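Computed from a predicted structure; not experimentally measured.
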Amino acid sequence: MNDLSLNKKELEEKGFTTIERIFTVQEIDAMLQIITEVDSTKSNFRKTDDLFAIRQVLKEIPQLCSVIFTKRLLATIRHMIGDSYFVVKSIFFDKPGASNWFVSYHQDLTISVDKKIPIEGFGPWSVKQDQFAVQPPLYILESNITIRIHLDHTDENNGALRVIPKSHRKGIYRPETINWNKEKEEVCPVGKGGVMFMRPLLLHASSKTTNHLQRRVLHIELSKQELPEPLQWSERLMLF
């Protein structure tokens with residue numbers, strides 16, 4: 001394995017880092033083959049002209065797990081953030097080559113839980129495709145990590161993330177208050193088989209596709225935090 005000390009430092013300081021060639025072309029093709037063979041008519045599957053998404057993809061397609069969580073990926077996760085993290089959310093995104101879909105600057109402020117229960121510090125609540133989402137206390141968001149597995153080469157022309165480095169250190173940071181005289185945007189290209197690690201509180205955005213190339217990503221959120229009972233994570237998959 002490559003020396004990941006610089007990536008680990010970059011993740012801590014800037015809120016994100018990219019590690020190329022975590023997966024081989026054959027491993028990526030195996031993931032895509034599994035995804036294309038499933039029944040896409042279920043409620044957790046969202047399909048439009050601009051976007052195809054599968055929420056709780058590891059629940060919907062459990063056979064993906066053995067292909068995704070290779071020894072190499074698990075060793076990378078362990079080196080970057082330790083072995084106390086577990087999966088709490090998984091989504092597959094497919095932005096077609098002709099997509100005009102874009103996402104403006106935002107932070108990922110909600111977590112997915114199994115039920116709606118009034119608990120101090122948790123709220124507001126929302127429901128997406130029959131799944132409960134809630135904004136948790138800040139300490140949970142600050143400790144969580146997202147990994148984005150790129151199933152296609154992605155650059156500024158087909159929806160690579162644009163981020164504001166170090167914005168994850170500023171708590172809840174409303175996009176409308178961004179001071180562009182002080183902040184600097186950075187584009188995060190990732191090759192096919194590469195993985196981007198990022199903090200959910202990092203301000204990030206995604207542009208429209210302009211080169212007619214597809215962009216498919218597996219978005220997996222990790223946490224090491226237990227929720228106050230009786231609240232539970234809606235997805236929970238142990239890694240170690």
Side-chain angles (χ1 to χ4, degrees), residues 11-12 14-16 42-46 51 53-62 64-65 68-69 74 77-78 80-93 103-149 161 163-164 166-178 196-206 217-240:
L11 176 62
E12 181 178 343
K14 298 174 66 175
F16 68 96
K42 298 179 181 180
S43 60
N44 278 344
F45 291 62
R46 173 190 171 193
L51 176 68
I54 308 173
R55 292 189 176 277
Q56 296 193 349
V57 64
L58 297 182
K59 270 189 174 182
E60 294 287 351
I61 317 176
L64 271 174
C65 293
I68 292 172
F69 297 110
L74 291 176
I77 292 172
R78 182 184 285 111
M80 294 291 293
I81 58 176
D83 58 8
S84 58
Y85 280 81
F86 46 88
V87 174
V88 295
K89 182 187 291 186
S90 61
I91 310 172
F92 168 71
F93 290 112
V103 180
S104 57
Y105 266 107
H106 67 287
Q107 296 172 300
D108 292 336
L109 296 178
T110 64
I111 60 172
S112 296
V113 294
D114 63 337
K115 59 180 75 71
K116 183 177 180 180
I117 302 173
I119 295 181
E120 185 177 357
F122 286 76
W125 291 79
S126 61
V127 180
K128 295 180 180 179
Q129 295 176 272
D130 299 322
Q131 297 174 32
F132 295 102
V134 64
Q135 184 170 321
L138 193 60
Y139 75 89
I140 293 178
L141 295 174
E142 288 175 334
S143 67
N144 284 2
I145 290 285
T146 296
I147 61 173
R148 292 169 54 88
I149 301 169
L161 286 190
V163 304
I164 299 179
K166 302 183 180 181
S167 55
H168 67 296
R169 295 183 170 184
K170 300 182 179 181
I172 306 301
Y173 192 161
R174 299 299 179 190
E176 62 271 18
T177 68
I178 297 173
M196 181 177 179
F197 283 70
M198 62 178 282
R199 293 287 183 181
L201 286 176
L202 184 76
L203 276 165
H204 56 286
S206 176
V217 173
L218 282 162
H219 171 109
I220 300 174
E221 295 182 19
L222 309 177
S223 184
K224 59 181 179 180
Q225 300 292 338
E226 299 296 343
L227 300 177
E229 294 185 351
L231 199 62
Q232 299 291 330
W233 298 100
S234 62
E235 294 181 72
R236 184 176 180 132
L237 175 66
M238 301 305 296
L239 297 178
F240 302 102

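For Q107, there are no side-chain hydrogen bond (donor to acceptor under 3.5 Å, both in side chains) partners at least two apart in sequence or on another chain. Every residue was checked against the side-chain hydrogen bond (donor to acceptor under 3.5 Å, both in side chains) condition with K59, not counting sequence neighbours, and none meets it. Not counting sequence neighbours, Y85 has no partner by the side-chain hydrogen bond (donor to acceptor under 3.5 Å, both in side chains) test.
Contact check for I54 versus I61: side-chain heavy atoms found under the 4.5 Å cut-off. Between W233 and S223, the closest side-chain pair of non-hydrogen atoms falls below 4.5 Å. With a 4.5 Å cut-off on side-chain heavy atoms, N144 and L222 do not count as touching. Within the 4.5 Å cutoff, the side chain of E235 has no heavy atoms near those of the V88 side chain. Under the 4.5 Å side-chain criterion, counting only non-hydrogen atoms from C-beta, F132 is in contact with V127. Side-chain contact between H204 and D108 is present, with heavy atoms from C-beta onward closer than 4.5 Å. At least one side-chain heavy atom of T146 sits less than 4.5 Å from a side-chain heavy atom of H219. The shortest distance between side-chain heavy atoms of F197 and I77 falls below 4.5 Å.
Judged by a 6.0 Å distance limit and a 45° cone about the ring axis, R236 is positioned over the six-membered ring of F86.
Distance CD/Q131 to CG/D114: 11.5 Å, rounded to 0.5 Å. Between atom CD of residue Q135 and atom CD1 of residue I140 there is a gap of 11.0 Å, rounded to the nearest 0.5 Å. One finds the CZ atom of R78 at 9.5 Å from the CG atom of L239 (value rounded to the nearest 0.5 Å). Taking CD from Q56 and OG from S234, the interatomic distance works out to 4.5 Å, rounded to the nearest 0.5 Å. Considering OH of Y173 and CG of L202, their distance stands at 11.5 Å, rounded to 0.5 Å. Atom CG in L11 sits 4.5 Å away from atom CD1 in I145 (nearest 0.5 Å).
No more than 12 heavy-atom neighbours from other residues, nucleotides or ligands sit within 6.0 angstrom of CD on E12. Within 6.0 Å of the CD atom in E226, the count of heavy atoms belonging to other residues, nucleotides or ligands exceeds 12.
The residue from L218, L237, I91 that alone fulfils the side chain to side chain contact (heavy atoms under 4.5 Å, CB included) condition with L58 is L237.
The minimum heavy-atom distance linking P136 with T110 is given by the pair CD-CA, 4.4 Å.
A side-chain N or O of Q225 and one of S143 form a donor-acceptor pair less than 3.5 Å apart.
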